[in-house]
K.L.:
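Mind having a look at this structure? Questions to follow.
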Number of protein chains: 2
Amino acid sequence: MLRLTKRTEYGLIALVHMAELAAARPPGAEAEVISARAIGDIFPVPKRMLAEALKHLQQGGILESTRGVRGGYRLSRPADQVSLGEIVSALEGPPALTSCAGMGAATSEGSCEVEPVCPIRSPLARLRTGIWTLFEGVTLQALADRSADPTGLFSATG
Amino acid sequence: MLRLTKRTEYGLIALVHMAELAAARPPGAEAEVISARAIGDIFPVPKRMLAEALKHLQQGGILESTRGVRGGYRLSRPADQVSLGEIVSALEGPPALTSCAGMGAATSEGSCEVEPVCPIRSPLARLRTGIWTLFEGVTLQALADRSADPTGLFSATG
DNA sequence: TCGAAACAGCACTATTCTAGTGCCGATTAA
DNA sequence: TTAATCGGCACTAGAATAGTGCTGTTTCGA
Ligand code: SF4
Ligand code: SF4
C-alpha cells in the first residue's frame, strides 16, 4: 500500500536527528560525527537495523563515515541540499510504481506478459514521475522543520 | 519501493479498458456490461486474479455488477468522475506511507515504539497527504487518455 | 425445467519481501 | 594492546503478495 520500509523510516529518523543537531550548531562549525550506537540510544529502534540503514545511506553518498573508536557518521552535505528522493532511493533502491517501471532501465527483459499491450504502463510511468518530483522537492531540511509543510504544496497555495 | 500490487494493476487495466470502450460509445448510450472472462481474453493476465480485482472494485462502489449469464461489470460512474485515489483505495485498502499512518485512525494503539518521540511522523503524514492529493487529482478519464499527462503537474506549468 | 455462464465468497498454497539478528573482519583513537 | 566503531556477508522468522480451487447463487436462454 505504498508504504516505506522500516529501514527507510529508521534512516530518516537518524537523518532528521542529524539535521536538527546541525541546525543547533553555530553556523560554519564543522559537523561532529555521531555513532550508530548513540542514535540508537536516543530512539527506541533496533540498533542493528539502524546501523543497516546508515550503511546504505553511506553507500548512497548521503552520509560520510569515520571508522574506529570515536568514529561515526555525519551528513556529507547540508540538510537543505539533500532531497527525500535521494534518501529513499538510497535506502530502498530505484523508485518504481509498477513492476515494469524501471526509472532508468525501461523494458527490463520480458518480465511482464502484458507489457506489449498494457494500457496503463505509460500513464503510470508519468504518475511515478509526478510522485518522484514530489520526493525530489522535499529536502531533509524541510523534514526537520517540524511545523513546516514538507511538500510545499499547501503552504504555497494557502 | 512504493509499488502497486499486481491486483491493482490488473484492476486498473480493466478500468482503463472500460473507459476506452465508453469513450468509443456514442454519447448518451448506456454502458454495456463486460464480463471478467471477456477482459481476460483481451489482456494476458491471470483471469482469476483479474476477477478478484473486479470484485474489490465492485465492493468499492466503482463498478456495478450484473450476475447470471450475459452478466458482467460496468462503470458505476463516468470515467471522469472516478479518481485514481478511489481505485487504489478500493484495491489495496486505505493509503499509508508509514506503519503508523492511519489516514483516519491515527495513533492506532501502541503499534510503534518510536511514536512518542518520532521526529518523522508528522512530516511524513503531511507528505502522504500530498501524494494522496496527487492520486485524487488523477481521474480514470485522464489515465485512459494515453497521450495526456495524468497528473496535470507538467502540462499545467509547461 | 434444465443447464451453462457469470458473479460472490471462502480458503488454500507457494513465492517473495520485510524485519531483525549473528558473526567476523578492518580500522582507529586511547 | 584494547575497545569502539564501521563494513560485509549470511541467516532466520514472519508477513505480504501472487495465484489457484472450490462451492454457491443468480440469471438468461434453450
Ligand atoms: S506492463 Fe502494465 S501490467 Fe505489466 S508491469 Fe507494467 S504496468 Fe504493470
Ligand atoms: S511513529 Fe515514526 S517510526 Fe513509528 S511508524 Fe510512525 S513514522 Fe514510523
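Remember, it's a predicted structure, so these values are computed and weren't measured experimentally. Numbers restart at 1 for each chain; the letters A, B, ... are given by sequence-line order, proteins then strands.
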K.L.:
Distance check needed: C:dC17 C1' versus A:Glu92 CD, whole Å only.
P.N.:
12 Å

K.L.:
For A:Leu84, run the side-chain contact (heavy atoms from CB on, under 4.5 Å) check against A:Thr139, A:Leu12, A:Leu134 and tell me which one passes.
P.N.:
A:Leu12

K.L.:
Whole Å only: how far is the CG atom of A:Leu91 from the C1' atom of C:dG20?
P.N.:
16 Å

K.L.:
Whole angstrom is fine here: how far is it from CZ in A:Arg7 over to C1' in C:dC17?
P.N.:
11 Å

K.L.:
Starting at the 5' end of nucleotides 2-12 of chain C, put B wherever the base has a protein heavy atom under 4.0 Å, S where only the sugar-phosphate does, and a dash everywhere else.
P.N.:
---BSBSBB--

K.L.:
Taking all heavy atoms of B:Tyr10 and all of B:Pro46, pick out the closest pair and write down the distance.
P.N.:
OH-CD, 3.5 Å

K.L.:
Just by distance, no angles: are the side chains of B:Ser76 and B:Glu64 close enough, under 3.5 Å, to form a donor-acceptor pair?
P.N.:
no

K.L.:
Nearest whole Å is fine: how far is D:dA16 P from A:Lys6 NZ?
P.N.:
12 Å

K.L.:
Could you state the CD-P distance from B:Glu113 to C:dG20, rounded to the nearest angstrom?
P.N.:
11 Å

K.L.:
Show the nearest heavy-atom pair for residues B:Glu9 and A:Ile120, with the distance to one decimal.
P.N.:
O-CD1, 3.5 Å

K.L.:
Mark yes when over 12 heavy atoms from residues, nucleotides or ligands other than A:Gln59 sit less than 6.0 Å from its CD; otherwise mark no.
P.N.:
yes

K.L.:
Report yes if a side-chain nitrogen or oxygen of B:Tyr10 is closer than 4.0 Å to either non-bridging phosphate oxygen (OP1 or OP2) of D:dA18; otherwise report no.
P.N.:
no

K.L.:
Starting at NE2 of A:His56 and ending at P of C:dT18, how long is that distance when rounded to a whole Å?
P.N.:
12 Å

K.L.:
Can you hop from A:Val117 to B:Leu21 via hydrophobic side chains spaced under 4.5 Å?
P.N.:
yes

K.L.:
Rounded to whole angstroms, how far apart are CG on A:Leu63 and P on D:dC6?
P.N.:
11 Å

K.L.:
Expressed as a whole number of angstroms, how long is the span from B:Glu9:CD to D:dT17:C1'?
P.N.:
12 Å

